[in-house]
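When a residue number appears, it is its place in the shown sequence, counting from 1. All figures in this text were calculated on a predicted structure; none of them were measured in a lab.
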Amino acid sequence: MSELVSALLSHRTKNRASGRAFKQLQASFPTWEAVRDAPTAAVEKAIAPCTWPEQKAPRLQQVLRLVGGYTQNQWSLDFLQDLPVDAARAWLEDLPGVGPKTSAAVLCFSTLRMRALPVDSHHHRVAQRVGLISHKIAVGPSHDELAALLPEEWTAQQVYDHHEVFMLHGQKCCHYRRPECDRCSIQTLCNYRQASL
């Protein structure tokens with residue numbers, strides 16, 4: 001549950017701000033049930049560091065009502081481990097505000113540790129530049145295309161590591177503006193770099 005809540009708070013928000021919002025939420029309310037049942041204004045105040053708290057507070061409470069109803073207020077998503085990854089992602093994506101990145105993040109980053117590939121903007125940019133996916137494909141649809149390229153024998157940990165490497169490369173070298181191609185360790189494999197020579 002913590003990973004799901006954290007992911008919902010992180011939409012269009014820098015990690016530092018969403019982390020602060022999550023910590024404030026936990027400090028303000030002792031349980032997920034308390035967050036669900038609190039006045040929405042109190043939840044909004046607790047998550048104020050994140051972007052659009054006025055939209056995220058009621059959505060978070062709606063998600064908590066749905067999950068609490070399904071799990072009989074057990075506040076655990078462990079039942080998703082018994083499902084195939086696609087079915088677990090579909091269940092999550094039926095929740096309001098949960099798309100492909102969030103569903104994959106919940107399955108991959110949480111204690112569930114399932115073989116789901118989250119694609120953030122950095123991962124997406126690197127994949128486009130090296131030619132793994134078309135420049136025309138958006139982040140959402142790219143999840144299926146990039147997941148299909150993963151070796152079948154990879155474990156959930158290897159999928160997680162792959163995501164981390166692509167994300168960090170996008171953050172530290174392959175920037176949106178002015179990528180540092182001269183110091184890139186994969187420049188000979190990169191379509192973007194080869195086209196600029």
Side-chain angles (χ1 to χ4, degrees), residues 1-13 15 17-120 123 138-148 150 154-160 163-164:
M1 273 307 301
S2 294
E3 187 62 48
L4 175 58
V5 171
S6 177
L8 289 169
L9 295 178
S10 73
H11 290 176
R12 299 287 189 193
T13 303
N15 289 343
S18 66
R20 200 164 73 245
F22 183 78
K23 286 177 184 170
Q24 286 182 194
L25 183 68
Q26 286 192 308
S28 300
F29 301 100
T31 64
W32 295 127
E33 191 170 1
V35 175
R36 179 195 66 190
D37 297 339
T40 303
V43 176
E44 183 180 332
K45 181 180 178 186
I47 64 170
C50 71
T51 309
W52 304 311
E54 71 284 354
Q55 294 173 15
K56 290 178 181 177
R59 178 172 286 160
L60 176 58
Q61 290 182 302
Q62 182 183 13
V63 166
L64 289 171
R65 281 192 290 277
L66 292 168
V67 172
Y70 188 83
T71 65
Q72 299 178 327
N73 295 333
Q74 294 303 303
W75 308 111
S76 171
L77 299 176
D78 287 351
F79 70 91
L80 293 174
Q81 276 186 316
D82 298 330
L83 301 176
V85 170
D86 289 346
R89 290 186 69 181
W91 189 90
L92 286 165
E93 289 175 28
D94 276 345
L95 297 171
V98 177
K101 178 186 169 191
T102 300
S103 71
V106 169
L107 297 179
C108 184
F109 299 160
S110 72
T111 55
L112 295 171
R113 275 309 217 213
M114 294 173 73
R115 196 178 178 279
L117 179 67
V119 180
D120 66 8
H123 191 143
V139 174
S142 74
H143 280 80
D144 289 339
E145 286 200 24
L146 288 169
L150 296 173
W154 274 14
T155 65
Q157 183 62 49
Q158 288 170 307
V159 172
Y160 173 87
H163 163 75
E164 287 290 301

J.: Are Thr13 and Lys56 close enough that a side-chain donor and a side-chain acceptor fall under 3.5 Å?
T.: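 Present: a donor and an acceptor within the cut-off.
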J.: How long is the gap from CG on Asp144 to CG on Asp86, to the nearest 0.5 Å?
T.: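 Those atoms lie 7.5 Å apart.
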J.: How many angstroms lie between atom SG of Cys108 and atom CD of Gln157, to the nearest 0.5 angstrom?
T.: 8.0 Å
J.: Is Asp120 close to His163 at the side-chain level, that is, under 4.5 Å between some pair of heavy atoms?
T.: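 Contact flag for His163/Asp120 side chains = yes.
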J.: Is the side chain of Ser6 donor-acceptor paired with the backbone N or O of Glu3 at a distance under 3.5 Å, no angle test?
T.: no
J.: Return the CD to CZ distance between Gln81 and Arg113, rounded to the nearest 0.5 Å.
T.: 11.5 Å
J.: For Ser76 and Met1, work out which heavy atoms get closest and say how close.
T.: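 Looks like N-CG, 4.1 Å.
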J.: Working note: Val106 + Val98, criterion side-chain contact (heavy atoms from CB on, under 4.5 Å); need CA distance, chi angles, decisive distance, verdict.
T.: CA-CA 10 Å; Val106 169; Val98 177; over 6 Å; no
J.: Work out which heavy atom in Cys50 is nearest to a heavy atom in Pro53; give both atom names and the distance.
T.: O-CD, 3.2 Å
J.: Between Thr102 and His11, is the side-chain contact (heavy atoms from CB on, under 4.5 Å) condition met? List the steps.
T.: CA-CA 9 Å; Thr102 300; His11 290 176; 2.8 Å; yes
J.: Between atom CH2 of Trp91 and atom CG of Leu80, what is the distance when rounded to the nearest 0.5 Å?
T.: 6.0 Å
J.: Minimum heavy-atom separation for Val85 and Ala116, please, with both atom names.
T.: CG1-CB, 4.1 Å
J.: Should the heavy atoms of other residues, nucleotides or ligands under 6.0 Å from CG of Asn15 be counted, would the total exceed 12?
T.: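 No, because the 6.0 Å sphere around CG of Asn15 holds 12 heavy atoms or fewer from other groups.
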J.: Shortest non-hydrogen contact from Leu25 to Val5?
T.: CD2-CG1, 3.8 Å
J.: What is the ring orientation for Phe109 with Tyr160, classed by angle as parallel under 30°, tilted 30 to 60°, or perpendicular over 60°?
T.: perpendicular
J.: For the OG atom of Ser103 and the NE2 atom of His143, what is their distance to the nearest 0.5 Å?
T.: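 Output value for this atom pair is 7.0 Å.
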J.: Taking the side chain as every heavy atom from C-beta outward, state whether Arg115 and Leu150 have any atom pair closer than 4.5 Å.
T.: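 They are in contact (side-chain heavy atoms under 4.5 Å apart), so the answer is yes.
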J.: Just by modelled atom types, is the Lys23 backbone N or O under 3.5 Å from a matching donor or acceptor in the Gln26 side chain?
T.: no
J.: Would you say Ser142 and His123 are linked by a side-chain donor-acceptor pair, where the criterion is simply a distance under 3.5 Å?
T.: no
J.: Find out whether Asp94 and Leu66 are in side-chain contact, i.e. whether some heavy atom of one side chain is under 4.5 Å from a heavy atom of the other.
T.: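 Heavy-atom side-chain distance check fails, nothing below 4.5 Å.
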J.: Between Leu95 and Leu8, is there a side-chain heavy-atom distance shorter than 4.5 Å?
T.: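 No, side chains not in contact.
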J.: Once you round to the nearest 0.5 Å, how far does OG of Ser2 lie from CZ of Phe22?
T.: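 That separation rounds to 4.0 Å.
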J.: Should Val43 and Gln61 count as side-chain neighbours, where that means a heavy-atom distance under 4.5 Å?
T.: yes
J.: For residues Ala46 and Phe29, report the shortest heavy-atom separation together with the two atoms involved.
T.: CB-CE1, 4.0 Å
J.: Pairs in or reaching into residues 63-75: which pass side chain to side chain donor-acceptor pair (under 3.5 Å), with residues at least two apart or in two chains?
T.: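 Applying side chain to side chain donor-acceptor pair (under 3.5 Å) to every pair that reaches into residues 63-75, excluding sequence neighbours, yields Arg36-Asn73.
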J.: Restricting to non-hydrogen atoms, name the atom on Leu77 and the atom on Val67 that form the minimum distance, rounded to 0.1 Å.
T.: CD2-CG1, 4.0 Å
